[in-house]
K.L.:
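Have a look at the structure that comes next, please.
Values below: all heavy atoms of this structure, side chains included; hydrogens, waters and symmetry mates excluded.
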Amino acid sequence: MVTMTSSDRRRFLASLGSAGAALATASWLDVIGYAQGARTAARAVIQQPRVRADFDRRVLGAFLEHLGRAVYTGVYQPGSKLADAKGFRTDVAREVKEMAVPITRYPGGNFVSGYNWLDGVGPSQQRPTVLERAWNSLETNQFGTNEFVDWCRMVGTEPLLGMNFGTGTAEMAVAYVEYCNLERGTKWSDLRQSHGYEKPHNVRYWCLGNEMDGPWQIGQMQAREYGRKARDAARQMRVIDNNLQLIACGSSGTFMPQYLIWDREVLEECYDQVDGLSLHAYYGNTQALTRESTARYLAMNLDMDRQIHEVAAVCDYVQGMRRSSKRLWLSFDEWNVWYRARSGDAVNGRRQFAPKLLEEVYNLEDALLVGGFVNTLLRNSDRVKVGCIAQLINVIAPLVTNDTGVLRQSTFFPYSWALRYARGRILDLRVESDTYPITAAGLQADFARNDQVPFVDVVATLDGQNGQACVLMLNRDLDAERELVLEWRDVTPTRVLVCETLTGTDLKAFNTFEQPRRVVPQRLDPPAAGARMTFKLPARSYTVAQLATM
Ligand code: AHR
C-alpha cells in the first residue's frame, strides 16, 4: 500500500486547484480518498503505483443459511426436474459457478447457534428432523456439511464454516474441525470416512459463532465470556490444524448499545488466538434510517466505510495494548439491504419446512446501493479480507428460484460485475467530486450525520497479469447525468472492452418471473480509450467499464 504524505497531499490539492476546482476537505471522507470539489465533472486520478491492496476475491463472497428457502428449494431440491442426481439445483449451480463466488459462509447466521452438526452428517435416512428455533422452522437435515462441501466443489466456491457457540460447547466445535480436516485415525476423522468422505475437506476459514452479542441469538453471551470461549476453542482447533483462519464475532451492528465496546472486550480475551473479526450490517430506506430519502439511502455505503474504519481502529487499539505484531483483518460476513421482509410472517417459519422467509424483493435503488457497498468493500480490501453478501439464494438474495427456474434480482448485476471484472490490485484513487448535503435530524443515532456526500463514487482495479482495468462507478445524482474524468498516470487504456450501466427512470422498479427484464444492464457509450477519459454517467446509475491497457 502506498500512503500519501502531507506534501503529496498538498501537491495533489494544488493540482486540483490548478484545474479550476474549489476544494474543501470533505470530513472523514478524506480517509477514503475523496475531496470535495465544486465543479460539474467529477475527477479521479489513477496512478498505477498507488495501490491500496492486492485484491483478495474473498471480499466478494456470499452467505448461505439454513433459513427459509435458501438451502431447500434454493440450492437443493431432490425430485425437482432441475436437480441433478445429488439433489442440487443445476440452474442455481450454473449461476453461482458463472458468477465465480469465491467463498460461501454456511450454515448460519442465527441458525448456527442452535445447530448440532452431527444431525446433518451420515446416512440421510437416519438424520433427525428437528424444530429449528432461530426461525421456528422444520429442519430435516437432509443437507448438511458434506453436501455443502460437495456443492462448494461443484460450483467452485470455498467453504467458510460457522460453528455453534450458542448451545454448542467448545468441545463439539473442535470436534467439527477434526471431522472436517483431520485425515484419519481419530474418532471424528474416522466418522467422516465412515460417511463416505475418505479425504479431509480441509476447510480453512471458520467463524467462531454468530452475533453472540445479540439478544435474539440463541445462547447470547457477555463479551468477556464469549472471548474466553473463543480463545479456548481456537487454541484447541489449532492443535488439530495449524492452517486455520479463525474469525471472532464482532458487534452485530452499529446500532448495538455495546458497539465497539463488545469488540474491544472480546479481543482483549482472544486477540492472540484469532485472525479476523466479523462485521455485520443491514440497510434500508426507512423512516428511521433515511427518512425514506433516496439521496440519503444511496449514501449508506459510506456508513459501511465508516464502520470498517471504526472497527479496524478497535482492532489496532487492542493490538497496541498487547504489543502484538499481529494485525487482524476484518470479515464483513453479512451485508445487504434488508428492511421489507424483516418482521412478522417474514421471519417466522411457523414450524414449516422451507417456509418463505426474508424474501426481499430488490428494486433499482437497492441495486445502486449494492453497487456502493461493492465499491466500499473493494476500496477497503487492504483491511477487509472476507466479505459475504447476505445472502445468496431466495433469502435476501440476488437470485430467487421457483419450480421452473431462477430469477436475477436487480442486485445481481452490481455484485456479479465486480465478481467478473475486478481483478488484480485495488488502485488508490484520489477522487474529486461535487457533493450534496445530508442531515442528521430525526435519524437513528448510528445513521444521524450532517455531512457532504460525493455525487460520484468510484473504484478501480488493475490486473498486472493481463493489463486489464475495471472501473466501477456510482452516480448518486437522482436528477442529472454526471461526468467523470478519469486521468490515467503511468498506465494508459488502449481499448474499452466492456461498458455497461444499470439505470432507469423508476427507482422502485423490480424484476419478477413474469417481467424479468425491468431492471437489467444496458450498454453505455464509452469515451475513447486514452490517458484522459470522460465517462457520462446517467442519473441514478451504477456503471462498469473494463479496459485494456496493453
Ligand atoms: O441474514 C439473516 C440474519 O441476520 C442472520 O441469520 C443473522 O446472523 C443476522 O441477524
Side-chain angles (χ1 to χ4, degrees), residues 15-16 19-23 26 33-46 294-295 298-299 301 364-365 367-372 374-375 378-379 410 413-414 416-418 420-422 427 429-436 452-462 468-489 491-507 509 518-549:
S15 78
L16 295 180
L23 289 170
Y34 280 76
Q36 180 185 0
R39 47 189 291 155
T40 38
R43 192 164 81 109
V45 178
I46 301 180
T294 299
L298 295 186
N301 68 299
L364 173 60
E365 69 178 11
L368 301 183
L369 179 57
V370 164
V374 164
N375 284 15
L378 293 187
R379 71 171 151 257
S410 61
F413 301 104
S416 62
W417 278 345
R420 183 162 187 175
Y421 299 116
L427 298 173
L429 304 190
R430 292 286 133 181
V431 186
E432 175 202 2
S433 169
D434 197 0
T435 61
Y436 62 92
Q452 290 292 328
V453 176
F455 279 107
V456 173
D457 190 311
V458 52
V459 294
T461 63
L462 183 64
Q468 288 178 0
C470 164
V471 190
L472 294 157
M473 300 161 269
L474 170 64
N475 178 9
R476 299 189 178 98
D477 194 323
L478 300 179
D479 304 312
E481 173 186 282
R482 290 260 155 189
E483 289 190 343
L484 170 65
V485 181
L486 293 185
E487 290 185 11
W488 297 82
R489 311 262 166 86
V491 59
T492 309
T494 51
R495 211 149 42 97
V496 179
L497 304 172
V498 171
C499 188
E500 287 188 85
T501 194
L502 194 65
T503 186
T505 48
D506 181 2
L507 283 162
R518 288 185 72 202
V519 188
V520 289
Q522 38 191 285
R523 193 183 164 278
L524 182 72
D525 271 344
R532 190 181 158 88
M533 301 174 71
T534 303
F535 283 86
K536 293 179 184 302
L537 306 175
R540 310 167 297 277
S541 66
Y542 188 69
T543 301
V544 63
Q546 188 193 31
L547 312 169
T549 67

K.L.:
Please enumerate all residues that pass side-chain contact (heavy atoms from CB on, under 4.5 Å) together with T494, with sequence neighbours excluded.
P.N.:
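side-chain contact (heavy atoms from CB on, under 4.5 Å) list for T494, sorted by chain: A548.
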
K.L.:
Taking side chain to side chain donor-acceptor pair (under 3.5 Å) as the definition, give me every residue that meets it alongside T294, ordered by chain and number, with sequence neighbours left out.
P.N.:
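Only E365 meet the side chain to side chain donor-acceptor pair (under 3.5 Å) criterion with T294.
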
K.L.:
Given side chain to side chain contact (heavy atoms under 4.5 Å, CB included), test V498 with R420 step by step and report yes or no.
P.N.:
CA-CA 11 Å; V498 171; R420 183 162 187 175; over 6 Å; no

K.L.:
Drop me the distance from E500's CD to F413's CZ, to the nearest 0.5 angstrom.
P.N.:
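Reported to 0.5 Å precision, the distance equals 9.5 Å.
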
K.L.:
Spell out, as yes or no, whether a donor-acceptor pair under 3.5 Å connects the side chain of N475 to the backbone of P538.
P.N.:
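Yes, the answer is positive, given that a donor and an acceptor are paired below the 3.5 Å cut-off.
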
K.L.:
Determine whether more than 12 heavy atoms belonging to other residues, nucleotides or ligands lie under 6.0 Å from atom CZ of R518.
P.N.:
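It does: R518 CZ has more than 12 such atoms within range.
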
K.L.:
Apply side chain to side chain contact (heavy atoms under 4.5 Å, CB included) to the pair Y421 and L472, showing each step before the final yes or no.
P.N.:
CA-CA 9 Å; Y421 299 116; L472 294 157; over 6 Å; no

K.L.:
Would you please test V471 and F535 for side chain to side chain contact (heavy atoms under 4.5 Å, CB included) and show each step?
P.N.:
CA-CA 11 Å; V471 190; F535 283 86; 5.7 Å; no

K.L.:
Mind running side chain to side chain contact (heavy atoms under 4.5 Å, CB included) on V374 and V459 for me, showing each step along the way?
P.N.:
CA-CA 9 Å; V374 164; V459 294; 6.0 Å; no

K.L.:
Would you name the heavy atoms of A531 and T492 that are closest together and state the gap between them?
P.N.:
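So the two residues come closest at N-CG2, 3.5 Å.
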
K.L.:
Let me have the donor-acceptor pairs involving side chains of residues 520-529, under 3.5 Å, with sequence neighbours excluded, atom names and distances please.
P.N.:
residue, atom, partner, partner atom, Å
R523, NH1, D525, OD1, 3.0

K.L.:
For the backbone of L478 and the side chain of R540, can you confirm whether one donor and one acceptor N or O come within less than 3.5 Å of each other?
P.N.:
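Yes, R540 side chain to L478 backbone: donor-acceptor pair under 3.5 Å.
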
K.L.:
Specify the closest pair of heavy atoms between L474 and G372, including all atoms of both residues, with the distance to one decimal.
P.N.:
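Distance-wise, the nearest heavy atoms are CD2-CA, 4.0 Å.
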
K.L.:
Please name the pair of heavy atoms, one in T461 and one in A422, separated by the smallest distance, quoted to 0.1 Å.
P.N.:
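Heavy atoms of T461 and A422 come nearest at OG1-CA, 3.5 Å.
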
K.L.:
Who are the side-chain contact (heavy atoms from CB on, under 4.5 Å) partners of A480, not counting sequence neighbours?
P.N.:
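For A480, the residues satisfying side-chain contact (heavy atoms from CB on, under 4.5 Å) (neighbours in sequence not counted) are D477.
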
K.L.:
Under the rule for side-chain contact (heavy atoms from CB on, under 4.5 Å), what residues qualify as partners of A469, not counting sequence neighbours?
P.N.:
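Listed in chain order: L462, W488, L547, T549.
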
K.L.:
Going from CG on L507 to CG on L298, what distance comes out if it is rounded to the nearest 0.5 angstrom?
P.N.:
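Between atom CG of L507 and atom CG of L298 there are 7.0 Å.
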
K.L.:
OG/S541 to CE/M473 distance, rounded to the nearest 0.5 angstrom?
P.N.:
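One finds 8.5 Å between OG of S541 and CE of M473.
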
K.L.:
With sequence neighbours excluded, tell me which residues meet side chain to side chain donor-acceptor pair (under 3.5 Å) with D479.
P.N.:
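With sequence neighbours excluded, D479 shows a side chain to side chain donor-acceptor pair (under 3.5 Å) to no residue whatsoever.
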
K.L.:
Could you report the tightest heavy-atom contact between A367 and P414, atom names first, then the distance?
P.N.:
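Closest pair (atom of A367, atom of P414, distance): O-CG, 3.3 Å.
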
K.L.:
Can you list the residues that meet the side chain to side chain donor-acceptor pair (under 3.5 Å) rule with R379, with sequence neighbours excluded?
P.N.:
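Per chain and number, R379 pairs via side chain to side chain donor-acceptor pair (under 3.5 Å) with D305, T376, D457.
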
K.L.:
Identify the heavy atoms of V458 and V431 that sit nearest to each other, and give their distance.
P.N.:
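Reported closest heavy-atom pair: CG1-CG2, 3.7 Å.
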
K.L.:
ring-ring contact (aromatic ring centres under 6.0 Å, His included) with F455: which residues, sequence neighbours excluded?
P.N.:
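ring-ring contact (aromatic ring centres under 6.0 Å, His included) check on F455 returns Y436.
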
K.L.:
I'd like to check the side-chain contact (heavy atoms from CB on, under 4.5 Å) partners of E487; sequence neighbours left out, ordered by chain and number.
P.N.:
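Once residues adjacent in sequence are excluded, the partners of E487 under the side-chain contact (heavy atoms from CB on, under 4.5 Å) criterion are R43, V45, V485, R489, R532.
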
K.L.:
Which heavy atom of W417 sits nearest a heavy atom of L502, and at what distance?
P.N.:
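So the two residues come closest at CH2-N, 3.7 Å.
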
K.L.:
So, taking the atom named CG in D506 and the one named OG1 in T503, what distance separates them when rounded to the nearest 0.5 Å?
P.N.:
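That separation rounds to 11.0 Å.
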
K.L.:
Just jot down the side chain to side chain donor-acceptor pair (under 3.5 Å) partners of T543, sequence neighbours excluded, or say none.
P.N.:
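Here the qualifying residues are T501.
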
K.L.:
Would a 4.5 Å heavy-atom cut-off, applied to side chains only, mark M533 and V496 as touching?
P.N.:
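Yes. Closest side-chain heavy atoms under 4.5 Å.
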
